[in-house]
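Have a look at the structure below before the remarks.
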Amino acid sequence: MEASNHQEFMRKAIALSKQNLTTLQGGPFGCVIVKDGKILSAAANSVTADCDPTAHAEVNAIRQAAKELGKPDLSGCILYSSAEPCPMCLSAIYWANIAKVYYGNSAEDVQWAGFGDQFLADELQKPPRQRRIQLERICASEAIKVFELWRGASGKTAENLKDGSL
């Protein structure tokens with residue numbers, strides 16, 4: 001894809017972030033996901049409107065793109081974000097198998113604008129016992145039984161998961 005196309009898609013993500021300032025749906029963040037040179041999804045941050053801390057522009061766009069494709073694997077897609085993805089969004093990008101990301105504002109710019117998430121990166125670097133949120137494992141022998149059923153199931157599909165046939 002030509003550099004001018006990348007800039008066109010990035011400008012669309014930036015426009016979404018700017019538009020979001022006027023609609024007050026969430027923060028000034030926009031994202032576009034492209035496959036084969038065509039926009040698959042375009043979304044802005046909707047944390048405030050949705051009362052959802054995970055409704056970042058990248059996550060919203062990933063959700064839309066996955067629904068559009070009918071699968072959670074977005075291999076072959078390119079993501080354009082108005083800002084460098086936060087740790088949560090970057091994790092979602094990895095889970096979606098998106099191999100290339102272009103972004104406008106850097107993490108430092110995000111921090112400067114008051115949306116800093118460096119504390120998350122710092123927190124994840126700490127050993128688990130030193131993190132602010134403590135995780136504690138319980139009911140392990142019961143929980144593993146579901147994974148045992150999953151591993152033993154043949155033909156794992158969305159249909160047999162939905163109808164409870166596992």
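Predicted, not measured: the structure shown is a model, and the values here were computed from it. This chain uses plain numbering: 1 for the first residue, then up along the sequence.
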Roughly how far, to the nearest 0.5 Å, is the [atom2] atom of [Y] from the [atom1] atom of [X]?
X: Asp117; Y: Glu84; atom1: CG; atom2: CD; answer: 8.5 Å
X: Asn5; Y: Ile78; atom1: CG; atom2: CD1; answer: 9.5 Å
X: Arg11; Y: Leu16; atom1: CZ; atom2: CG; answer: 14.5 Å
X: Lys18; Y: Ser82; atom1: NZ; atom2: OG; answer: 13.0 Å
X: Glu58; Y: Ile93; atom1: CD; atom2: CD1; answer: 5.5 Å
X: Cys89; Y: His56; atom1: SG; atom2: NE2; answer: 5.5 Å

With sequence neighbours left out, what residues match Asn45 under side chain to side chain donor-acceptor pair (under 3.5 Å)?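 Per chain and number, Asn45 pairs via side chain to side chain donor-acceptor pair (under 3.5 Å) with no residue.
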Consider only side-chain heavy atoms of I, L, V, M, F, W and Y, link residues closer than 4.5 Å, and tell whether Tyr103 and Phe9 are in one cluster.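 Per the 4.5 Å side-chain linkage, Tyr103 and Phe9 are not co-clustered.
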Joint hydrophobic cluster, Val101 plus Val34, side-chain heavy atoms closer than 4.5 Å: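 No; Val34 is not reachable from Val101 via cluster members.
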Surrounding NZ of Lys12 (heavy atoms of other residues, nucleotides or ligands, distance under 6.0 Å), is the total greater than 12?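 Result for NZ/Lys12: open.
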Taking every non-hydrogen atom, the tightest pair across [X] and [Y]:
X: Ala96; Y: Ile62; answer: CB-CG2, 4.1 Å
X: Cys31; Y: Leu79; answer: SG-CG, 3.6 Å
X: Ala61; Y: Ser41; answer: O-OG, 2.8 Å
X: Cys77; Y: Ile98; answer: O-CG2, 3.5 Å
X: Leu40; Y: Ala65; answer: CD2-CB, 3.7 Å
X: Pro87; Y: Ala121; answer: CG-N, 4.2 Å

By ring-ring contact (aromatic ring centres under 6.0 Å, His included) - contacts of Tyr102 (at least two apart):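 Listed in chain order: His6, Tyr80.
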Applying salt bridge (charged side-chain N to carboxylate O under 4.0 Å, His left out) as the test, list every pair that has at least one member in residues 125-150; sequence neighbours left out.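 Pairs touching residues 125-150 that pass the test: Glu123-Lys126.
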Would you list the pairs meeting side chain to side chain donor-acceptor pair (under 3.5 Å) in which at least one residue belongs to residues 59-77, sequence neighbours left out?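 Counting only pairs at least two positions apart or across chains, the side chain to side chain donor-acceptor pair (under 3.5 Å) contacts touching residues 59-77 are Ser46-Asn60, Thr54-Arg63, Asp73-Ser75, Asp73-Asn97.
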In the hydrophobic clustering (ILVMFWY, side-chain contacts below 4.5 Å, transitive), which residues join Phe147, or is it alone?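 Same cluster as Phe147: Ile144.
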Evaluate Asn20 against Ser17 for side-chain hydrogen bond (donor to acceptor under 3.5 Å, both in side chains), listing each step before the verdict. CA-CA 5 Å; Asn20 219 33; Ser17 72; over 6 Å; no
Which residue pairs pass the ring-ring contact (aromatic ring centres under 6.0 Å, His included) test when at least one of the two sits in residues 106-125, sequence neighbours left out?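 Qualifying pairs: Phe29-Phe115.
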Could you go step by step and tell me if Leu74 and Leu69 meet the side-chain contact (heavy atoms from CB on, under 4.5 Å) rule? CA-CA 8 Å; Leu74 302 182; Leu69 290 178; 3.5 Å; yes
